[in-house]
Each structure stands twice: as structure tokens, then as C-alpha cells.
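Just so we're on the same page: letters track the sequence lines, and every chain starts at 1. Keep in mind that what you see is a predicted model, and the values were worked out from it rather than measured.
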There are 2 protein chains.
Amino acid sequence: MPARLKDIANDLGLSVVTISKVLRNHPDIGEATRKRVLKRMKELDYQPNLAARSLITGQTWTIGLVVPDLLHPFFAQIAKLISAEVRKKGYSLFISSSDEDPELERQEIKQLLARRVDVMLIASAQWTIETFRQIEQQKIPYILLDRQLAGLECNFVGVDDRAVGVLATSHLAEQGCKRIAHIRGPEVSTAIGRLDGYRQALASHRMTPLPGHIVSIGKSGDHRGERGGYEAATKLLASKKRPDGIFCFNDPVALGAMRAILDAGLRIPEDVAVVGCGNLSYSDFLRVPLSSVDQGSKIIGKRAAALALALAHNKAPLRPKSELIPPHLVVRASSLRLPAAK
Amino acid sequence: MPARLKDIANDLGLSVVTISKVLRNHPDIGEATRKRVLKRMKELDYQPNLAARSLITGQTWTIGLVVPDLLHPFFAQIAKLISAEVRKKGYSLFISSSDEDPELERQEIKQLLARRVDVMLIASAQWTIETFRQIEQQKIPYILLDRQLAGLECNFVGVDDRAVGVLATSHLAEQGCKRIAHIRGPEVSTAIGRLDGYRQALASHRMTPLPGHIVSIGKSGDHRGERGGYEAATKLLASKKRPDGIFCFNDPVALGAMRAILDAGLRIPEDVAVVGCGNLSYSDFLRVPLSSVDQGSKIIGKRAAALALALAHNKAPLRPKSELIPPHLVVRASSLRLPAAK
DNA sequence: CGGTAGAAAGTAATCGTTAACTTTGGCAAG
DNA sequence: CTTGCCAAAGTTAACGATTACTTTCTACCG
């Protein structure tokens with residue numbers, strides 16, 4: 001139904017190629033003809049058939065994004081920004097939410113490969129690197145977001161997770177916490193990095209984690225981790241040496257933990273200080289406003305988009321590029337035990 | 001680089017068509033050949049080139065979704081669900097966030113039209129119906145989400161906004177509020193519907209809105225409306241007859257309003273009860289847990305996806321179908337002035 | 001045993017564009 | 001006047017699949 005090059009060509013008594021050349025600003029077209037063609041294109045509201053074009057050029061002007069949970073503000077923010085950035089250059093974005101399910105994610109990646117996207121961005125829930133070898137085999141460039149995989153050297157954009165752990169833990173120490181616990185996430189790079197940072201910061205303050213003070217959120221099935229945080233914090237509060245500061249893997253976990261603390265009749269931050277990570281936009285409005293390490297999701301989104309566009313244009317950096325965004329801490333009531341310094 | 005039908009055909013000494021027939025389970029292929037072909041397909045990890053296929057079939061197996069703000073949990077939830085539902089049937093989803101900008105939205109719609117998506121889903125920020133006439137002209141089916149437009153008869157899936165207003169306002173009245181105010185949203189169908197419901201509920205409780213008790217959030221530029229809510233509530237609290245109940249257009253606005261109320265030294269819900277709309281997942285964790293009307297975003301997502309799939313398969317309902325989802329109220333502390341009934 | 005039906009394959013045309021050549025005609029240089 | 005070159009077009013053949021039709025061969029029936 002929509003207009004084709006052929007229609008315009010017939011209307012004007014020209015050949016299809018001539019029209020195509022006008023479309024792409026090819027030099028060897030006379031000024032008069034060019035104007036006639038452009039006029040007719042406007043009249044018919046001509047839109048090139050991108051499927052036909054990509055069939056021959058090999059480029060689809062399409063980018064794929066796979067995230068574990070689109071409902072999570074961190075990923076939503078990234079998705080929103082990437083969408084906005086790549087649109088400016090004429091790309092459209094396939095987005096899909098894998099629900100933290102490695103199998104679903106693999107399916108989705110396969111689907112995107114079949115669609116011949118020009119680049120793929122993945123915040124992965126995979127445990128193995130096998131899938132990525134497949135992508136490499138198809139020579140489609142890709143970028144990992146947020147989570148890295150051991151043994152896989154590839155483009156990466158995400159926060160510096162070790163720095164996250166250091167920032168949060170040092171802050172708690174500086175606020176006078178003596179027994180700082182950590183509620184850690186699952187066995188993925190982000191959680192491991194933050195745990196490392198936590199350990200490192202404790203060491204530089206001449207502390208060590210007390211036994212039982214590193215607990216893991218269970219795989220309780222709620223993606224956001226609120227329940228996991230509640231349960232983990234309950235465990236912590238029951239331990240012999242009750243912690244007076246908790247660094248939580250992320251904000252939802254911190255919410256759960258705070259609820260557990262309040263439910264136990266304790267005060268935040270006087271009895272237990274809490275720091276989360278993610279700096280979700282509602283952190284200001286909580287019962288106790290939550291201190292949180294901001295992962296710079298906006299910067300991540302922008303950098304990822306820029307890198308993706310570069311790769312799409314085959315300005316591929318020879319060696320895979322890894323961009324570590326430095327986090328920063330936003331202090332709110334949940335961890336403020338001293339009058340603001342300075 | 002990826003394998004083509006031709007490659008398989010050459011390898012096995014068959015014609016391309018035979019391979020294509022196997023691919024599509026065409027009956028006239030012998031069992032032995034079929035197996036040979038399938039085997040080779042697996043070996044090469046063959047993925048059909050969807051661009052080539054859509055060029056000839058006219059179907060792209062692609063769906064477009066445009067929302068005003070992907071960061072808003074309501075839209076994120078819908079996007080996530082639609083993505084999951086349509087994936088099951090082999091569709092991929094283009095998602096883009098228009099930033100509440102009608103012009104950007106129009107561009108994006110144009111882009112999706114050029115891509116020949118099979119269906120389009122739009123939560124629109126348009127003021128006029130012109131753009132949609134264009135879509136109709138291209139004969140691409142579309143569905144409006146959440147927001148309707150006057151004078152446009154088309155497929156729609158969204159919450160029953162009038163019912164939202166009635167539900168929230170009646171609840172406040174039943175909780176003993178005598179001066180119920182409303183912080184309304186911008187001039188779009190959702191805000192208008194909720195305002196209608198508010199008026200209707202007041203009337204059925206033999207009340208009328210006091211002068212100055214319907215205020216609008218300014219276009220303060222923050223999409224979520226927290227600042228607008230704060231300012232609007234401040235105005236309300238300064239009015240001659242201070243309201244003792246406020247129905248807020250949505251949850252972010254309610255958050256802003258609650259902060260204004262607390263900042264003014266008043267208590268929630270004793271002095272002023274508050275009800276929002278959206279039932280955002282963090283409502284439980286707020287300083288005062290927020291009562292909120294749930295819009296059933298999950299149901300909206302599922303219904304929208306189902307309708308989209310039906311349209312994509314050309315099982316087009318003769319007349320455009322409008323699905324109004326009934327909302328329900330989730331009562332929390334911010335509006336609970338009486339001991340729980342029953 | 002001839003005729004025909006049907007199973008299993010193949011041929012040719014097509015979808016809308018683009019890439020790589022080729023043609024046409026006009027004009028300037030030799 | 002011929003040569004050669006350039007501008008402005010056109011021709012032909014892809015791209016990777018599908019559709020509609022045709023061919024080939026086997027088998028079965030009367």
C-alpha cells in the first residue's frame with residue numbers, strides 16, 4: 001500500500017535507480033530532476049522500505065537491548081536513555097526483559113541475531129560465556145552492561161562495583177559504625193565487586209567482617225529483593241554481635257532491611273545505619289530517607305549508547321573497550337549519625 | 001556471514017525451494033530429505049533472514065510500542081509484560097520513550113511506520129488526532145494505551161479513569177473527610193476522567209468541591225510530578241478552608257503532597273488524608289504508606305498484548321475495541337482514619 | 001498394461017532497494 | 001572533424017527468501 005520507488009519512477013517517467021539516487025543524495029542527478037523527484041516524494045509521503053534496504057546493504061539500523069528487568073528503575077533509566085540517544089541517529093531499539101532467566105535471555109538473543117541487529121546491548125543473567133561466543137561467531141558487535149562475566153573480554157559499560165562497596169562501607173565506618181555487615185547479592189559480578197569493595201574498605205579501617213555478618217539474599221523469587229532483604233536483615237539482627245551498620249547490595253534490599261529493623265523496634269540510623277545502592281528516585285520519600293550509592297545510570301546509558309553507535313558504524317575499537325563509571329554517594333538520614341561534616 | 005538457504009541447498013545437492021519448504025513444514029517433502037535438511041540446519045545454526053522474508057510476505061513480526069516515559073513504573077510494567085507476551089508468539093518489540101513530547105512521539109511513530117511494524121501500541125502525548133489518521137491511512141492497526149483522544153474511535157486499553165476518581169473520593173468520604181480536595185493532572189483524558197469521578201463521588205455524598213479545592217499541578221518540568229504535587233498541596237493547605245482529604249492524580253504527585261503536608265507540621269492521615277493513584281511498588285515503604293488506586297497495569301499489559309496479537313494476525317475486530325479495566329483501591333496508612341471496617 | 005493420481009522435487013518470478021556498469025549526448029580540446 | 005571526457009541518466013544483476021506453477025517418477029487401479 002505505501003508508495004514505492006517504482007511508483008514515483010512511473011509517475012515521472014524516470015527509472016527506479018534515478019529515484020533511488022535522489023533518495024541517497026547521489027551526485028549524478030541533475031538539479032531539475034532532483035527537485036521534481038523530491039516534490040513527488042513529499043506528495044506521496046514516501047518512506048523507504050527498510051527491509052528491502054537492509055537486505056542489500058546488510059545494515060538494519062536496528063539495535064537490540066536485553067535487560068533482566070525493565071521494571072527496575074536502573075534498567076528502565078538506561079533503556080530510556082539509550083532509546084533516546086540512538087533514535088537521534090536513526091536507529092530503532094528492540095527492548096526485551098529477560099526476567100533474570102538465562103534461558104529466556106538466550107532465546108531473546110537468538111531472536112535478535114536472527115533480526116540481524118547492528119549491535120546488541122546486554123545486561124546479562126547468564127552464568128556462562130557460551131552464548132557470547134555465539135554472538136561473536138556471527139560477527140555482531142555487542143556490549144555488556146552492568147554485569148561482567150569472568151573469562152570474557154568484551155565491550156563493557158557499567159559502574160565500578162568495587163568502588164561502590166568501598167564508598168558505602170567507608171561512609172558507614174566514618175559515621176562511627178563499629179560492626180558493619182553486608183547483605184550481598186547473587187553470584188554475579190556486581191555483587192562480587194561490591195563485596196570486594198566492602199572487604200577492602202573494612203581492611204583499610206582496620207576492621208574485619210564479624211562471623212555471620214555477610215549474608216546473602218535468598219533466591220526468594222521476588223526480583224526486586226525486598227523480601228530477601230527483610231529475611232537477611234532479620235538474620236543479621238539475631239546474630240550474637242548485632243551490626244550497627246549495614247551495606248545493602250541494592251536499594252530494594254535496603255528497603256526490606258529497613259523494614260526488618262523498624263519491625264524489630266530498632267531505630268535507623270541510631271541503632272543501625274543503612275546504605276543501599278542504586279539511588280532510586282523515591283529514596284527521598286521513604287519512612288527513613290535512604291542513603292544510597294548512585295550508579296550513574298544516566299552516564300551509563302549515554303556512554304553505552306555512544307559506544308553502540310560507534311560499533312554500529314564499524315568504527316570498532318580494535319580492542320574491546322571497558323568503561324567503568326565512578327559511583328558517588330548520596331547521604332540521607334538512614335546513615336547520618338554525625339552532624340554533617342565541615 | 002550467517003548461513004543462507006542457498007548454502008544448505010548446495011551442501012545437500014537440493015534446490016533452495018526444498019529447503020524453504022522444510023523450514024516452513026510444507027507437506028510435499030519426503031521424510032528422509034526433511035531429516036537431512038533439518039540436520040544441516042542445526043549444524044549451521046541456520047536463522048532465516050527475517051528482512052528477506054518480510055519483504056515478500058509483508059509481515060515483519062515486529063510490534064511498536066511508544067510510551068511517554070519508560071522510567072514511570074506504570075509504563076515500565078506495561079512494556080515489560082507486552083514484551084514478554086508477544087515474544088511467546090515470535091514477535092519482537094520496538095520500544096521508545098517519547099519524553100511526553102508530542103513532536104518526538106510523532107517522529108517515532110513515523111519511524112515505526114517506515115519499519116512496517118505489524119501493530120503499534122501508543123500511550124500518546126498528542127493533543128490532536130491528526131497523527132492517528134496518518135497511521136490509519138497506512139492501514140497499520142494500532143492501539144491506544146492509557147490515554148484516549150476525543151473524536152478518535154479506535155482500539156483502546158486502559159483503566160476506567162472515572163471509576164478511579166469515584167473509588168478514591170468515596171473512600172476519603174467514608175473515612176470521614178468533610179473537605180475533600182483534588183490535585184488534578186494536565187488536560188488529558190486520564191486527568192479529566194479522574195476529575196469527573198471525583199465530582200461524581202462528591203455529589204453522591206452530597207458534597208461539592210469547595211472553591212480553590214481543585215488545583216492543577218503546574219508544568220514544572222519534572223515528569224513525575226513530585227514538585228508539582230508539593231506546590232499544589234502547599235496552595236491547598238493555605239486555602240481558607242483547609243482540606244482534610246486530598247485525592248491526588250497519581251502517586252508521584254501524592255508523594256509531593258505528603259511532603260508538603262508533613263513540612264507544614266500536619267499529620268497524615270489525622271489532619272489530612274491522602275490517596276494517590278498508580279499503586280507504585282514502593283508505596284509500602286514510604287514515611288506514611290500511601291493509599292493508592294491500582295490501575296491494574298499488569299492486566300492492561302496482558303490485554304493490550306492479546307489485542308495486539310489479534311490485530312497482527314488480522315483477526316481484526318470489525319469495530320475498534322475499547323477495553324476499560326476496573327481499578328481497585330489499596331488502603332494503607334495515609335488514608336486510614338477509622339478502624340478497619342468489618 | 002496403459003492411464004492417471006499423487007508424492008517429491010524443481011523452475012521461474014517476485015518483493016523493494018541498491019551496487020556496479022553501461023549508455024547517451026553535449027562540449028571542449030587537439 | 002575527431003577524440004575524449006563528463007554529466008546525467010538507464011540497464012542488469014543481485015540481496016535472501018517465498019509463491020505459484022511445472023516436472024519427474026513411482027505406484028496403483030481397472
A:Ile19 side chain near A:Arg40 side chain, heavy-atom distance below 4.5 Å = no

What's the verdict on side-chain contact (heavy atoms from CB on, under 4.5 Å) for B:Gln148 and B:Val188, showing C-alpha distance, side-chain angles and the deciding distance?
-> CA-CA 8 Å; B:Gln148 289 181 286; B:Val188 294; over 6 Å; no

Which whole-number value in Å describes the distance from B:Arg116 CZ to C:dC15 C1'?
-> 12 Å

Ionic contact status for B:Lys298 with B:Glu85, cut-off 4.0 Å | no

Is it the case that more than 12 heavy atoms not belonging to A:Ile299 sit under 6.0 Å from its CD1 atom?
-> no

Please determine if B:Arg133 and B:Glu130 form a salt bridge, counting it only when a charged side-chain N lies under 4.0 Å from a carboxylate O.
-> no

Give the nucleotide from the list C:dA9, D:dC15, D:dG16 with an atom nearest to the side chain of A:Ile56.
-> D:dC15

Grab the CG-P distance between B:Asn10 and C:dG10 for me, whole Å please.
-> 12 Å

Ion pair A:Glu136/A:Lys139, N-O distance below 4.0 Å | no

Basic-acidic side-chain contact under 4.0 Å: B:Lys80, A:Asp99 | yes

Phosphate oxygens OP1/OP2 of D:dT18: is one of them under 4.0 Å from a side-chain N or O of B:Thr57?
-> no

Taking CG from A:Asp7 and P from C:dC15, how many angstroms apart are they, rounded to a whole number?
-> 11 Å

Identify whether any heavy atom of B:Asp28 sits under 4.0 Å from a base atom; if not, whether one sits that close to sugar-phosphate; answer base, sugar-phosphate or nothing.
-> base

Taking atom P of D:dT19 as reference, at what distance in whole Å does atom CD1 of B:Ile19 sit?
-> 16 Å

Roughly, in whole Å, what's the span from CG in A:Leu23 to P in C:dT17?
-> 8 Å

Taking the side chain of B:Arg53 as heavy atoms from C-beta outward, which of D:dA17, C:dT17, D:dC15 is closest to it?
-> D:dA17

Neighbours of DNA chain C within residues 30-46 of chain B, by heavy-atom distance under 4.0 Å | B:Gly30, B:Thr33

Side chain of B:Asn49 - closest among D:dA9, D:dA20, D:dA17 = D:dA17

Contact class for B:Arg24 (heavy atom, under 4.0 Å): base, sugar-phosphate, or nothing?
-> base

B:Leu55 atom CG is separated from D:dC15 atom C1', nearest whole Å, by 9 Å

With heavy atoms under 4.0 Å as the rule, sort A:Leu14 into base, sugar-phosphate or nothing.
-> sugar-phosphate

For A:Lys21 and C:dT18, give me the distance from atom NZ to atom P, rounded to whole Å.
-> 12 Å

Where the side chain of B:Ser15 is concerned, which of C:dA9, C:dG10, C:dT17 is the nearest nucleotide?
-> C:dG10

Rounded to the nearest Å, what distance is computed from the NE2 atom of residue B:His26 to the C1' atom of nucleotide D:dA17?
-> 15 Å

How would you label the contact of A:Thr18 with the nucleic acid (heavy atoms, under 4.0 Å): base, sugar-phosphate, or nothing?
-> sugar-phosphate

